[in-house]
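Worksheet: one structure, shown below.
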Amino acid sequence: MNTKTLLLHHADVLVTMDAHRREIPDGGVFVRGGVIEAVGPTAELPDTADEVIDLRGRIVLPGLVNTHHHMYQSLTRAVPGAQDAELFGWLQTLYPLWGGLTPEMIRASTLTAMAELILSGCTTSSDHLYIYPNGSRLDDSIEAAQEIGMRFHACRGSMSVGRSAGGLPPDHLVEDEAAILADSRRLIETWHDPARHAMLRVALAPCSPFSVSTDLMRESAVLARSYGVSLHTHLAENDNDVAYSRERFGMTPAEYAESLGWVGPDVWHAHCVKLDEAGIALFARTGTGVAHCPCSNMRLASGIAPIPAMRAAGVAVGLGVDGSASNDGADLLGEARQAMLLARVGHGPAAMNARQALELATLGGARVLGRDDIGALAPGMSADLIAFRADTLALSGGAVHDPVAALVFCAPEQVDLSLINGRPVVVGGILQTVDLGRVVHHHNRLARQLAESH
């Protein structure tokens with residue numbers, strides 16, 4: 001049992017995101033065995049520990065939470081032909097490329113995407129892997145997460161309705177539904193950890209209304225609830241998505257989700273750009289979560305999600321960077337900045353402030369993923385925290401006036417320190433768990449190989 005103690009003290013300001021939203025000058029955190037034991041002004045904390053880290057000149061906050069991603073897509077960023085398309089055209093361009101994915105590529109792309117996320121302040125991420133060609137498995141992503149040290153919600157995605165049956169993906173990329181459910185069961189039994197402070201959880205995630213059947217949606221919900229795991233899918237992403245749902249099912253996306261049992265605190269939907277008033281009320285009433293992906297929604301011209309209306313209604317909203325081929329980056333603090341800016345473009349300058357954007361990236365994401373042990377710095381929470389230097393060029397001036405708001409307004413490049421489950425994963429801006437140069441070189445070689453195989 002890990003009983004090692006760690007003291008982090010003398011932070012210029014420590015953003016707790018606790019029930020009182022305290023921001024503590026000269027703040028610190030005392031950790032034992034990967035769990036926070038005390039938070040407060042440095043003078044009120046123990047002055048000794050097995051390890052002590054001085055955080056003078058740093059702004060500290062809870063680790064950020066990413067609620068939606070497709071990490072394999074880092075291999076197909078900025079692909080010509082997909083750069084200027086909306087969702088359906090973008091997918092139809094990239095499906096053939098993705099058909100060449102291998103287990104090695106899944107692992108390498110996951111390491112790359114997670115490294116990028118971690119360096120931007122993310123400590124917990126979900127990933128939605130819904131394509132499994134050439135022997136690829138979700139296990140390939142899980143093993144990469146364990147190597148790099150990220151807290152991970154691995155979503156077993158799936159596609160079962162190909163083009164010949166009225167779906168969007170090519171027939172050779174869809175799976176048999178019985179095989180999908182069998183593999184889902186295997187993954188939960190092999191990997192899922194329901195305990196507090198778990199580093200790995202599994203969720204079931206049929207891809208979208210236009211790539212899976214109603215039967216698979218229903219059966220996945222039944223299976224997930226029998227094991228107590230969460231459900232995730234894409235919903236109401238753009239006008240074409242809504243039109244497909246109305247034409248094929250005779251319902252809005254929200255009505256369709258409700259008809260399948262896909263609402264509740266154990267469900268979160270990505271995008272919801274076109275969620276209507278009735279859908280927002282449904283999600284608020286049932287505790288259904290939303291992964292807001294502003295960069296992707298802008299990149300694919302999907303629209304501006306009604307996030308202020310969702311938040312006002314009490315809907316659980318977190319942030320997602322979305323797939324690396326529809327963003328095309330994985331900067332979670334940058335995503336918080338974009339969420340604030342996009343809300344203002346759509347709904348006025350008071351629609352979202354910097355601290356609300358940070359709340360979406362921390363507590364909001366934790367709530368969406370069904371976690372009560374991350375997203376805030378408080379006794380009993382997992383020791384996931386990040387620190388940014390206040391003396392960088394990017395924060396020059398901003399850190400003088402309001403260092404917390406400056407993190408969102410001024411867009412700092414990357415974290416100076418990242419602790420995940422009490423383990424230092426980034427120190428002095430350097431990733432400690434993998435050789436980043438080697439990861440990038442390997443990833444680029446595989447991206448080239450994938451492109452040439454098409």
Side-chain angles (χ1 to χ4, degrees), residues 5-47 49 52-66 120-124 151 196-197 311 316-319 332-333 336 339-340 352-369 371-390 395 398-399 401-409 412 415-426:
T5 56
L6 172 64
L7 172 65
L8 303 104
H9 61 181
H10 294 304
D12 285 10
V13 60
L14 187 135
V15 180
T16 64
M17 286 294 170
D18 65 9
H20 304 289
R21 302 298 188 271
R22 288 183 302 160
E23 296 175 6
I24 304 171
D26 190 23
V29 178
F30 185 80
V31 176
R32 187 187 304 274
V35 178
I36 296 172
E37 202 166 274
V39 177
T42 296
E44 296 177 11
L45 296 174
D47 54 11
V52 179
I53 299 176
D54 193 310
L55 292 175
R56 285 181 176 87
R58 311 293 194 281
I59 306 158
V60 176
L61 59 160
L64 310 183
V65 180
N66 180 37
S120 75
C122 182
T123 55
T124 298
R151 199 180 298 277
R196 278 191 102 236
H197 313 299
R311 294 182 69 250
V317 180
L319 294 181
L332 194 51
L333 187 61
M340 179 185 75
M352 187 179 296
N353 64 39
R355 284 168 172 82
Q356 289 167 338
L358 287 175
E359 188 166 316
L360 289 182
T362 53
L363 284 174
R367 183 180 169 199
V368 164
L369 294 183
R371 305 285 301 230
D372 65 357
D373 53 355
I374 59 173
L377 303 179
M381 303 295 277
S382 301
D384 291 6
L385 64 82
I386 55 175
F388 290 87
R389 293 186 66 94
L395 291 180
H401 300 296
D402 185 343
V404 179
L407 289 174
V408 179
F409 277 102
V415 290
D416 179 66
L417 174 74
S418 176
L419 222 67
I420 303 179
N421 211 38
R423 177 192 185 192
V425 174
V426 176

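Positions are given from 1 along the sequence. Note that the coordinates shown come from a computational prediction; the quantities given were computed from them, not determined experimentally.
Qualifying salt bridge (Lys or Arg N to Asp or Glu O under 4.0 Å) partners for D26, counting only residues two or more places apart in sequence or in other chains: none. By the side-chain contact (heavy atoms from CB on, under 4.5 Å) test, A387 pairs with L55, R58, V60, L417, sequence neighbours left out. Taking the side-chain contact (heavy atoms from CB on, under 4.5 Å) definition, one finds that D54 meets it with H9, H10, R56, sequence neighbours left out. By the salt bridge (Lys or Arg N to Asp or Glu O under 4.0 Å) test, R367 pairs with no residue at all, sequence neighbours left out. Partners of D12 by salt bridge (Lys or Arg N to Asp or Glu O under 4.0 Å), not counting sequence neighbours: none found. R355 pairs by the salt bridge (Lys or Arg N to Asp or Glu O under 4.0 Å) definition with E23, D402, not counting sequence neighbours. Remark: E359 pairs with R21 by the side-chain hydrogen bond (donor to acceptor under 3.5 Å, both in side chains) rule, at least two apart or across chains. H20 is linked by a side-chain contact (heavy atoms from CB on, under 4.5 Å) to D18, R22, counting only residues two or more places apart in sequence or in another chain. For S382, the side-chain contact (heavy atoms from CB on, under 4.5 Å) partners two or more places apart in sequence, or in a different chain, are R151, H197, D373, I374, D384.
With contacts defined as side-chain heavy-atom distances shorter than 4.5 Å, the pair L377/L14 qualifies. Contact of the D416 side chain with the V426 side chain is not registered, since no non-hydrogen atoms from C-beta on lie closer than 4.5 Å. Within the 4.5 Å cutoff, no side-chain heavy atoms of L419 are placed close to those of V425.
Rounded to the nearest 0.5 angstrom, T124 OG1 and N66 CG are separated by 9.5 Å. Note: T5 OG1 to F30 CZ = 4.5 Å, rounded to the nearest 0.5 Å. Within the model, atoms CG of L369 and CZ of R371 stand 8.0 Å from one another, a figure rounded to the nearest 0.5 Å.
Pairing each heavy atom of V408 with each of A357, the nearest pair is CG1-CB, 4.3 Å. P412 and A406 make their closest contact through CD-O, 4.3 Å (heavy atoms, listed as atom of the first residue, atom of the second, distance).
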Step-by-step side-chain contact (heavy atoms from CB on, under 4.5 Å) determination, L61 to L407: CA-CA 10 Å; L61 59 160; L407 289 174; 3.6 Å; yes
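Within the 3.5 Å criterion, the main-chain N or O of P41 finds no donor-acceptor partner in the side chain of E44. Checking side-chain atoms of S120 against main-chain N and O of L332 turns up a donor-acceptor pair under 3.5 Å. A donor-acceptor pair is defined here as one N or O able to donate and one able to accept, closer than 3.5 Å; such a pair exists between the side chain of R196 and the backbone of G380.
Residue pairs meeting the salt bridge (Lys or Arg N to Asp or Glu O under 4.0 Å) criterion with at least one member in residues 31-41, sequence neighbours excluded, are R32-E37.
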